[in-house]
Amino acid sequence: MSIKHKIQHKIFCMLPYGIRQRIKQFLANRRNKKANSVQAKLDELRELIIYNHPITEIPPCTGKLRLLQQGNTVLLNYFAKCCIKAGLRYWLDFGTLLGAVRHGGFIPWDDDLDVAMLKPEYDKMKELLPTLFSEEKGFTVSEHAFIQIGVKGTPLNLDIFPYYCHSETSTDDNRRQLNLRLEAIRKQIVYKYGILNKTEEEFKQLMNSTIYQNKKPLNEEESPLIFFTPIPNFRKPYLFHYQDIFPLKEINFEGISFCAPAHTRQYLAFIYGDYMTYPPKVGMWHQHLINVVKRTPFEDKVNQFIDTYGC
C-alpha cells in the first residue's frame, strides 16, 4: 500500500460513521455521472441484447477471461483437496455458489472464487497456509478481514470468508436481535485499501462485547445462528439459521463436485433476492482486473499452473 493510501485510510477511519457514509455516497454519485457517457449507452445496448437471452442459457465466456476461470477452477479443486486431507469443512459462497446453481460453473462474467468456513476451521486453515500454499510453491497469501490465496504472476484468486457460530440458538427472534447487533458493530469497523481499522485483538474484544454479549459461542449440536464477519464493505449483515447451511451437500461446479450449503436456494435468495434474473449491470465485478485481463499477458503462467495442479 502506498503512503498516500495509508494516510487516506488513517484519516477516513477517524471520521464519524455518518460522514464516512456521506463521503461514500458522494463518490458513488460522481462515478455515476462519469458513467453517463457514450460508452455507457453502448453498454446499455449490449446488455439489452443479452437480456433477451435466458440467463441460464448464456454460454461460458471465451478468451483470457475463460482461461482465468479455468485456472481458478484448478485452484479451487486444489483447495478442496487440501481441506479434505486436513479434515476441514468449507462451502462455496457468494458468486461462486450462485454460478454453480444458475450456470453449473462460473457466472460467465465472473473472475474470482468465494468460499466460506466456520471460524474454528478457518483458523486451522490459517495455520496450514504456509505449508499448503507456500511461496515456494508459487502461491501468494494475504489476510485482513478474510484470506486471499493467489498465484504469482497471475490474477488467479480465491477468497476465504470466516463465518461464526453465535451464542444464541437459531430462532427468528434471535436472528432479528443479532441483525441489530451486527448493524451496530459495522458502524465501528472500517475496511479500506485492504486493511481494517482494528487490530485482531481489538476486533475480538468488539465482537465479544457487542455480538456475543460476553457469552461463549454455542456448539454446533445446539443449532446456533451462523453469521458472516461484519465488515462494512458488504451490503448487509449475512446471518443464517444453522439448518440453512448444515449438513453440507455436494454441488457441481465446472464438472467437479464441491461442498455447498444444505439449502442453497434459500441461502442465495437471502443474499441476492431474485438470483435467477440479470443483475443491474453485466460485467466483471472487480474493476481492477478488467485492464489486467485485457492487457496483461498472463496466459503462460496460468497454463503452467493448470498443468502443475490440474491433475
Side-chain angles (χ1 to χ4, degrees), residues 60-61 65-66 68-83 88-119 121-122 125-126 129 132-133 139-151 154-164 191 194 226-240 244-246 248-254 256-273 275 279 282-289 292-293:
C61 64
L65 180 55
R66 184 56 183 166
L68 176 61
Q69 292 177 349
Q70 291 169 339
N72 271 328
T73 302
V74 172
L75 176 59
L76 176 60
N77 194 35
Y78 177 72
F79 167 80
K81 289 178 178 178
C82 290
C83 286
L88 303 178
R89 294 171 299 173
Y90 73 92
W91 64 91
L92 304 188
D93 206 3
F94 296 113
T96 306
L97 180 63
L98 175 57
V101 171
R102 198 171 66 188
H103 304 279
F106 273 99
I107 298 171
W109 49 88
D110 200 6
D111 52 64
D112 76 342
L113 298 162
D114 303 311
V115 300
M117 304 180 80
L118 286 181
K119 188 61 165 58
E121 290 164 294
Y122 175 92
M125 175 55 71
K126 279 173 58 177
L129 287 174
L132 298 176
F133 299 93
F139 294 101
T140 62
V141 176
S142 63
E143 190 212 351
H144 298 293
F146 52 89
I147 295 170
Q148 289 184 297
I149 299 174
V151 177
T154 77
L156 300 179
N157 185 75
L158 169 69
D159 292 336
I160 311 173
F161 299 110
Y163 280 69
Y164 297 74
Y191 180 65
I226 305 295
F227 65 95
F228 177 61
T229 180
I231 59 174
N233 286 43
F234 291 80
R235 293 167 291 179
K236 60 182 180 182
Y238 296 111
L239 58 153
F240 301 92
D244 291 337
I245 302 175
F246 298 101
L248 298 174
K249 67 178 184 181
E250 291 189 353
I251 194 170
N252 174 68
F253 183 86
E254 297 290 343
I256 305 173
S257 290
F258 295 103
C259 295
H263 299 288
T264 54
R265 295 184 181 276
Q266 292 93 318
Y267 190 96
L268 288 171
F270 179 77
I271 296 175
Y272 296 107
Y275 60 88
V282 173
M284 290 177 63
W285 175 254
H286 300 92
Q287 293 298 312
H288 66 281
L289 280 180
V292 173
V293 171

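Quick note: numbers below take in every heavy atom, side chains included, and nothing from hydrogens, waters or symmetry partners.
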Set of residues satisfying side chain to side chain donor-acceptor pair (under 3.5 Å) with respect to Lys119, sequence neighbours excluded: Asp123
All side chain to side chain donor-acceptor pair (under 3.5 Å) counterparts of Asp93, not counting sequence neighbours: Tyr163, Tyr267
Give me the atom names and distance for the closest heavy-atom approach of [X] to [Y].
X	Y	value
Gly99	Ile107	CA-CG1, 3.7 Å
Leu65	Pro108	CD2-O, 3.7 Å
Asp244	Pro261	O-CB, 3.6 Å
Cys83	Met117	SG-CE, 4.2 Å
Cys82	Leu132	CB-CD1, 3.8 Å

Using side-chain heavy atoms (C-beta onward) and a distance below 4.5 Å, is [X] in contact with [Y]?
X	Y	value
Thr96	Phe258	no
His263	Phe270	no
Asp111	Phe106	no
Val151	Phe139	yes
Arg89	Trp91	no
Leu156	Leu68	yes
Leu97	Phe253	no

Residue pair Tyr238, Phe161: steps toward the ring-ring contact (aromatic ring centres under 6.0 Å, His included) verdict: CA-CA 12 Å; Tyr238 296 111; Phe161 299 110; 9.5 Å; no
Rounded distance (nearest 0.5 Å) linking atom [atom1] of [X] with atom [atom2] of [Y]:
X	Y	atom1	atom2	value
Lys249	Cys259	NZ	SG	11.5 Å
Gln266	Ile271	CD	CD1	12.0 Å
Phe146	Leu158	CZ	CG	10.5 Å
Ile256	Glu250	CD1	CD	12.0 Å
Ser257	Ile251	OG	CD1	9.5 Å

Expected output: side-chain Glu254 to main-chain Gln70 donor-acceptor under 3.5 Å: no
Asn72 (side chain) donor-acceptor with Asn157 (main chain) under 3.5 angstrom: yes
Worked check of side chain to side chain contact (heavy atoms under 4.5 Å, CB included) between Tyr90 and Glu121: CA-CA 8 Å; Tyr90 73 92; Glu121 290 164 294; over 6 Å; no
Side chain to side chain contact (heavy atoms under 4.5 Å, CB included) involving Ile147 - partner list, sequence neighbours excluded: Tyr122, Lys126, Leu129, Val141, Glu143, Ile149, Ile160
Candidates Asp114, Leu92, Leu268, Asp110 - the one meeting side-chain contact (heavy atoms from CB on, under 4.5 Å) with Leu98: Leu268
